[in-house]
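Following: one structure in structure tokens, then a few remarks.
All heavy atoms count here, side chains included; hydrogens, waters and symmetry mates do not. Chain naming here is simple, since letters A, B, ... match the order of the sequence lines and numbering starts at 1 in each.
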Amino acid sequence: MFFSKMLIPTLREVPSDAEAVSHILMLRAGYIRQLAAGIYIYLPLSLRVFDRIYKILREEMNAIGAQEISLPILHPAEVWQETGRWYEIGDEMFRLKDRTGRDMCLGMTHEEIMTWLAAREIRSYRDLPQVWYQIETKLRDEARPKSGVLRTREFIMKDSYSFDKDEEGLEKIYQLHAEAYKKIFTRCGLKFYMVQSDPGMMGGATSHEFMAPSSAGEDEVILCSSCGYSANIELAKSIPHKPENMDWEFEEIHTPEKRTVQEVSNFLKIKPEYFIKSILVISNNTPILTLVRGDQELHEKKLNRIIGKFRPAHKQEVKEILGVEAGFIGPHNQKIRIIADSCLKEGVFVSGANKQHYHVKGIRPDKDFKAEWHDIHIPKEGELCVECNSPIKIERVIEIGNIFKLGTKYSMPLKAFYLDEKGQEKPLVMGSYGIGPARIAAAAIEQNYDKDGIIWPKSIAPFDVEILPINVNDIKTMEVAEKIYKGLKEKNIDVLMDDRNERAGVKFKDADLIGIPVHIIIGEKNLKEGFVEIKDRKTREVTKVKVEEVLSLF
RNA sequence: CGGGGCGUAGCGCAGCCUGGUUUAGCGCACCUGCCUUGGGAGCAGGGGGUCGGAGGUUCAAAUCCUCUCGCCCCGACCA
């Protein structure tokens with residue numbers, strides 16, 4: 001491919017509304033343009049990257065026996081109504097009507113449609129298992145599209161769905177997917193972790209996420225380097241360090257106008273880790289008192305899984321329900337439900353006294369209050385692993401894939417049944433598995449760039465080699481350039497030739513920006529001695545090579 | 001949806017506070033010519049703007065006021 005024939009609109013300056021590295025570089029290097037919030041145009045260079053990612057996806061999916069099919073993006077409402085998601089999902093679903101007034105929606109995922117198909121076409125245990133996948137567009141009306149291509153409203157996803165006769169079969173195909181995913185991300189040149197993830201409010205099911213470490217990510221995971229425990233921070237458990245046990249007697253202390261943990265801590269000269277932080281929340285119109293240690297924060301998602309939807313109580317409500325101003329509330333003598341973080345189970349603490357301007361010191365769990373114990377704090381770096389007691393690390397990550405055990409959540413309502421060996425009708429046991437190719441590309445950039453531009457992993461680069469003839473008006477230069485170009489193409493190497501009549505600086509800058517892994521630089525001076533240069537984009541190492549020997553290196 | 005920021009040429013920005021010396025400007029990009037060819041060259045000439053939109057105040061609005069649309073960031077959300 002010749003540079004002059006390809007749409008590669010590079011930008012010298014950083015577009016003002018881009019912040020994430022991958023966003024800036026994809027814009028500057030001429031890979032994408034933005035049409036509207038969360039809606040992108042993919043230019044020729046990015047299509048080449050995607051094609052390479054798709055190829056890897058197909059190879060690895062086919063290798064585990066998955067079959068590619070293609071489902072519509074436009075769906076009739078009825079299918080979604082049957083599983084109830086038509087009603088459960090809110091504004092995130094794009095909805096529309098056809099000309100006859102029939103309700104339709106744009107697919108944000110394809111469990112319903114795949115199950116619809118399975119319900120019609122799978123009848124016998126002899127047909128099982130089946131794994132179907134597609135690489136198709138999804139549409140979600142995201143509340144906040146962000147970070148360029150990382151969170152968009154329209155995006156392509158590789159999604160596969162497995163149908164089995166039982167849990168055992170599901171487990172097997174789930175593991176096959178996990179292995180395939182590891183191969184895929186490894187082949188794409190990414191650093192990644194497979195972590196436990198929140199299966200959502202549906203309960204029961206297991207799920208894992210594949211996470212590429214990057215500061216541009218929206219998620220955080222905790223990692224234990226000693227036993228390998230890894231989980232999304234939304235459900236990750238951890239053990240906070242235990243402070244030395246104090247042998248305080250129960251006593252009320254006057255703490256005038258001292259409300260926050262920090263204020264009381266300073267006032268009493270007692271560290272926050274000896275405090276019980278009491279937070280009143282309202283769930284289902286019922287007040288619940290939640291307790292975390294003074295140096296911890298309440299993890300709303302974790303609490304959400306225990307008590308369902310909730311909101312913090314208003315100041316006025318605290319006074320009405322507990323009879324004392326927020327800031328002086330505590331767990332003892334409370335009659336309402338109490339949920340406390342496990343790290344408060346042992347020890348002697350300070351908390352509000354349920355009396356204006358007073359706190360109590362020497363409060364003991366179980367003796368002075370009863371609670372349901374759960375891990376409800378936000379984990380912090382350096383806390384201990386629940387599995388092996390080693391210090392944990394926290395890293396920011398981009399979610400690049402997930403795998404889900406669905407069970408019969410979709411097969412039941414959509415009546416996707418099969419007949420087993422005994423002629424008994426049973427629901428298909430399902431799993432679903434997703435990968436976002438655009439996120440792979442963006443994560444690859446986030447993990448591989450320098451001040452001059454992108455450094456693509458070889459496997460997903462838009463081209464393998466870029467040839468840079470410095471002076472296109474020099475006949476000898478062009479002769480050699482074209483010879484190498486042809487030779488590489490014959491070897492099935494994807495090569496971009498910068499045939500533009502531009503100054504050397506412009507070509508070098510653009511080549512570095514675009515990030516093709518290998519550059520062959522053809523300059524007049526070197527050529528006089530029979531040499532060209534081969535430059536490694538990543539290491540910037542340049543080697544002089546005899547013109548005749550170039551092709552043998554590839 | 002809450003909080004913050006920003007909309008002036010393709011891109012990056014100045015001008016706005018304090019309305020009129022602005023025929024709306026600068027850098028880059030673009031077009032023509034010369035020159036140049038190893039890290040985004042130089043000189044000369046040139047094209048490109050309903051100042052996001054609507055309404056209002058005023059003799060006069062990019063500039064002040066009201067409404068509205070769009071985009072970005074933080075948070076909530078993310079089946």
Could you list all the salt bridge (Lys or Arg N to Asp or Glu O under 4.0 Å) pairs where at least one residue sits in residues 461-479 of chain A, not counting sequence neighbours?
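Found A:Arg52-A:Asp464.
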Pairs flagged by salt bridge (Lys or Arg N to Asp or Glu O under 4.0 Å) wherever residues 75-87 of chain A is involved - sequence neighbours left out:
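Sorted result for residues 75-87 of chain A: A:Glu78-A:Arg102, A:Arg85-A:Glu111, A:Arg85-A:Glu112.
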With sequence neighbours left out, write down each residue that passes side-chain contact (heavy atoms from CB on, under 4.5 Å) with [X], or none if nothing qualifies.
| X | answer |
| --- | --- |
| A:Lys301 | A:Glu234, A:His299 |
| A:Glu300 | A:Phe310 |
| A:Trp86 | A:Ala77, A:Trp80, A:Gln81, A:Met93, A:Arg95, A:Asp103, A:Cys105 |

With sequence neighbours excluded, give me every side chain to side chain donor-acceptor pair (under 3.5 Å) pair touching residues 32-44 of chain A.
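The answer is A:His23-A:Tyr40.
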For A:Val14, which contact category applies under a 4.0 Å heavy-atom criterion: base, sugar-phosphate, or nothing?
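It contacts sugar-phosphate atoms only.
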Applying a 4.0 Å non-hydrogen cut-off, can you work out what A:Glu300 is touching in the nucleic acid: base, sugar-phosphate, or nothing?
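Nothing, no nucleic acid heavy atom in range.
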Quick one: does A:His110's side chain have a donor or acceptor within less than 3.5 Å of a partner on A:Pro72's backbone?
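Flag set: sc A:His110 to bb A:Pro72 pair under 3.5 Å.
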If the condition is ring pair (Phe, Tyr, Trp, His ring centres under 6.0 Å), which residues does A:Phe192 pass it with, not counting sequence neighbours?
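Only A:Phe185 meet the ring pair (Phe, Tyr, Trp, His ring centres under 6.0 Å) criterion with A:Phe192.
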Among all residues two or more places apart in sequence or in another chain, which pass the ring pair (Phe, Tyr, Trp, His ring centres under 6.0 Å) test with A:Trp132?
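A:Trp132 satisfies ring pair (Phe, Tyr, Trp, His ring centres under 6.0 Å) with A:Phe163 only.
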Using the 3.5 Å cut-off, write out each protein N or O paired with an N or O of nucleotides 70-74 of chain B and the distance between them.
from: B:C71; atom 1: OP1; to: A:Ala37; atom 2: N; distance (Å): 2.8
from: B:C71; atom 1: O3'; to: A:Gln34; atom 2: NE2; distance (Å): 3.4
from: B:C71; atom 1: O2'; to: A:Asp17; atom 2: OD2; distance (Å): 2.9
from: B:C72; atom 1: OP1; to: A:Gln34; atom 2: NE2; distance (Å): 2.9
from: B:C73; atom 1: OP1; to: A:Ser147; atom 2: N; distance (Å): 3.4
from: B:C74; atom 1: OP2; to: A:Arg144; atom 2: NH1; distance (Å): 3.1
from: B:C74; atom 1: OP2; to: A:Arg144; atom 2: NH2; distance (Å): 2.7

So what's [N] paired with, Watson-Crick or G-U wobble, going by both distances under 3.5 Å?
| N | result |
| --- | --- |
| B:U57 | none |
| B:C28 | B:G10 |
| B:A41 | none |
| B:U50 | none |

Over 60° means perpendicular and under 30° means parallel, so classify the ring planes of A:Tyr174 and A:His208, tilted if in between.
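Answer is tilted, since the angle falls between 30° and 60°.
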Classify the side chain of [X] and the base of [N] as holding, or not holding, a donor-acceptor pair under 3.5 Å.
| X | N | value |
| --- | --- | --- |
| A:Asp474 | B:U37 | no |
| A:Asn471 | B:G38 | no |
| A:Glu13 | B:G27 | yes |

Taking the same atom, C1', in B:U22 and in B:C51, what whole-Å distance lies between them?
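Rounded to whole Å, the distance is 13 Å.
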Using atom C1' of each nucleotide, how far apart are B:U8 and B:A61 to the nearest Å?
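My reading of the C1' atoms in B:U8 and B:A61 gives 14 Å.
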The contact string for nucleotides 39-45 of chain B, one letter per nucleotide 5' to 3', using protein heavy atoms under 4.0 Å with B, S and - for base, sugar-phosphate only and none, comes out as BBB----
Rounded distance in Å - [atom1] ([X]) to [atom2] ([N]):
| X | N | atom1 | atom2 | value |
| --- | --- | --- | --- | --- |
| A:Lys309 | B:A76 | NZ | P | 15 Å |
| A:Glu142 | B:G75 | CD | P | 15 Å |
| A:His110 | B:A79 | NE2 | P | 16 Å |

Using a cut-off of strictly less than 4.0 Å between a heavy atom of the residue and any atom of RNA chain B, enumerate the qualifying residues of residues 440-449 of chain A by number.
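None - not one residue of the stretch has a heavy atom sitting under 4.0 Å from the strand.
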Using a 3.5 Å cut-off and no angle test, enumerate the donor-acceptor pairs between side-chain atoms of residues 502-513 of chain A and protein atoms at least two apart in sequence or in another chain.
from: A:Lys507; atom 1: NZ; to: A:Pro469; atom 2: O; distance (Å): 2.7
from: A:Lys507; atom 1: NZ; to: A:Asp498; atom 2: O; distance (Å): 2.9
from: A:Lys507; atom 1: NZ; to: A:Arg500; atom 2: O; distance (Å): 2.8
from: A:Asp510; atom 1: OD1; to: A:Thr10; atom 2: OG1; distance (Å): 3.0
from: A:Asp510; atom 1: OD2; to: A:Arg500; atom 2: NH1; distance (Å): 3.2
from: A:Asp510; atom 1: OD2; to: A:Arg500; atom 2: NH2; distance (Å): 3.0
from: A:Asp512; atom 1: OD1; to: A:Lys535; atom 2: NZ; distance (Å): 3.3

